[in-house]
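Every value quoted in this text rests on a predicted model; they were computed, and no experiment measured them.
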Amino acid sequence: MFGQLQALVKKRRELDAAEADWLADIAAYDRSGDWHADGYQNASAAIRTACRLDAGVARGHVALARTLGALPLVTAAFTAGEISARHAAVIAHAYTPERAAEITNIEAVLVDLAAERPPHDLAAAVKYVTDAIDGDGGATNDDTLFARRRHHASRGLDGMLHVDGLYDPEAALIHEAAIAAELERDHRPNDTRLFSQRQADAVTNLFRQSLERGTIGTTRAVRPHITQVIHLDEHPAVRADTITRARLERHQHGRLSDATLERLLCDCDITRVLMTGTSEILDVGRATRTISPTIWKALVVRDQHCQTDGCTQPPNRCEAHHIHHWEHGGPTNLNNLQLLCWHHHRQHHSEEAKARARPG
């Protein structure tokens with residue numbers, strides 16, 4: 001067993017050494033300016049594309065590679081596999097022009113500590129040192145961390161949103177507190193979701209609630225809406241197939257599945273745009289709330305919570321679901337509506353769409 005552990009340690013050190021060598025190559029590439037000849041604006045953009053990295057990760061690699069050039073003892077220990085990239089990054093982040101002389105004087109001490117302790121312990125020690133160097137009770141360090149904040153989001157080919165972020169300690173507390181509170185409210189009996197999935201749902205729920213209440217965004221305190229464009233030249237009888245038209249006209253965000261569109265159309269704003277030709281607008285219908293405030297209040301009084309068996313999510317976490325879908329001719333009245341929480345509303349439409357797709 002001891003031999004296996006030693007083998008693992010040896011491989012870990014080899015990986016750290018290889019990463020140090022890779023960062024040295026990045027630094028050389030950055031200095032050379034070859035990234036410009038390769039058609040990129042900077043080295044991080046080139047590395048991001050060529051190595052298929054998130055933008056923030058690529059920028060971090062280039063920044064660390066640059067700083068290591070001023071920290072020879074850190075670089076030597078890193079290259080020897082004695083410390084990891086995270087250890088090196090902790091020291092490098094503390095190395096600012098204002099602290100350069102002091103950090104250089106204690107670089108050997110920090111490297112020895114990094115070789116003995118995990119990155120978290122090293123970070124605590126480095127913070128203590130930098131606060132003493134700055135002499136301002138940690139204000140400069142707070143500003144340094146705050147300046148490193150970032151948020152990057154990009155859509156994958158499958159439409160999934162890839163998020164990469166870094167937040168200062170104060171913002172981190174806000175994020176953690178909000179997500180923890182939402183996780184507690186979103187608790188479900190016999191929940192089969194992974195914890196990572198529960199966290200993802202919590203973040204989405206927080207955004208959804210802000211949009212619902214009209215506290216953010218440009219929707220003027222209304223839910224996200226769908227604009228239905230009907231070309232009279234193509235449809236002289238003005239027969240509106242909402243699902244198809246909404247999908248075809250939804251340029252900004254790409255395509256949605258039938259199940260998703262059906263769910264959105266259960267309770268949203270519809271704006272009708274009648275056109276002739278390619279540019280002449282004949283009429284723009286007034287956006288009207290499909291579920292009126294009166295019907296919504298009556299629905300809340302009647303249902304009181306999500307109507308899925310065993311679910312007790314309250315009305316403020318529910319949507320009005322058309323039992324007979326509105327786009328298929330179902331009326332917007334109390335008899336054709338029921339409260340479903342966000343989770344079960346999505347699940348219902350997804351399962352119904354799959355059922356329609358099955359043979360028979």
Side-chain angles (χ1 to χ4, degrees), residues 158-161 178-214 217 219 222-226 242-243 246-247 250 253 255-270 289-358:
D158 56 0
M160 297 288 283
L161 185 67
I179 293 173
E182 181 58 28
L183 283 172
E184 184 176 351
R185 284 195 294 266
D186 195 36
H187 174 71
R188 306 170 195 162
N190 303 317
D191 200 336
T192 60
R193 293 174 297 171
L194 299 174
F195 184 69
S196 58
Q197 294 174 327
R198 291 183 58 211
Q199 286 188 306
D201 290 346
V203 172
T204 301
N205 290 347
L206 292 170
F207 289 158
R208 190 199 314 269
Q209 290 176 63
S210 295
L211 289 171
E212 293 274 359
R213 295 166 183 164
T219 57
V222 299
R223 295 165 58 90
H225 64 276
I226 290 176
T242 307
I243 288 290
R247 175 184 286 165
R250 217 175 65 86
H253 300 296
R255 294 179 180 272
L256 290 176
S257 67
D258 286 351
T260 299
L261 282 170
E262 286 174 354
R263 176 168 53 83
L264 292 176
L265 288 170
C266 270
D267 184 13
C268 66
D269 285 345
I270 305 294
R289 176 69 70 178
T290 304
I291 309 299
S292 69
T294 301
I295 292 178
W296 173 258
K297 291 176 183 176
L299 185 60
V300 168
V301 170
R302 188 195 70 187
D303 290 356
Q304 299 184 17
H305 55 75
C306 175
Q307 294 302 288
T308 303
D309 290 342
C311 184
T312 59
Q313 290 292 320
N316 65 340
R317 303 175 64 76
C318 291
E319 296 172 320
H321 167 65
H322 283 74
I323 299 170
H324 181 201
H325 298 320
W326 178 79
E327 73 279 359
H328 294 159
T332 301
N333 57 39
L334 202 56
N335 291 333
N336 192 44
L337 296 172
Q338 65 177 174
L339 286 181
L340 290 181
C341 69
W342 302 324
H343 167 71
H344 286 120
H345 197 188
R346 187 205 65 79
Q347 185 181 65
H348 176 89
H349 282 279
S350 177
E351 291 178 353
E352 191 173 75
K354 292 175 184 177
R356 288 199 303 266
R358 285 196 290 267

Exercise. For the ring pair His321 and His344, is the centre-to-centre distance below 6.0 Å?
Worked result: no
For this session: Hey, could you give me the NE2/CD distance between His345 and Gln307, rounded to the nearest 0.5 Å?
Result: 13.0 Å
For this session: Output, in order, the C-alpha distance, side-chain angles, deciding distance and verdict of side-chain contact (heavy atoms from CB on, under 4.5 Å) for Leu339 and Cys306.
Result: CA-CA 5 Å; Leu339 286 181; Cys306 175; 5.7 Å; no
Seminar exercise, completed: CH2 of Trp342 to CG of Asp201, rounded to nearest 0.5 Å, is 10.5 Å
Exercise. Nearest 0.5 Å, what's the NE2-SG distance between His305 and Cys311?
Worked result: 8.5 Å
Problem set entry | side-chain contact (heavy atoms from CB on, under 4.5 Å) against Glu182, all qualifying residues, sequence neighbours excluded | Arg185, Asp186, Ala202, Asn205, Leu206, Gln209, Arg317
Problem set entry | Nearest-0.5 Å distance, CG of residue Leu299 to CD of residue Gln304 | 11.0 Å
Exercise. What residues, two or more places apart in sequence or in another chain, satisfy side-chain contact (heavy atoms from CB on, under 4.5 Å) together with His343?
Worked result: Arg188, Cys341, Gln347
Exercise. When rounded to the nearest 0.5 angstrom, what distance separates CG in Leu340 from NE2 in His322?
Worked result: 12.0 Å
Exercise. Counting only heavy atoms not in Asn190, do more than 12 sit closer than 6.0 Å to its CG atom?
Worked result: no
Exercise. So, Arg198 side chain and Leu183 main chain: donor-acceptor pair closer than 3.5 Å or not?
Worked result: yes
Exercise. What are the two closest non-hydrogen atoms of Arg193 and Asp191, and how far apart are they?
Worked result: NH2-OD2, 2.6 Å
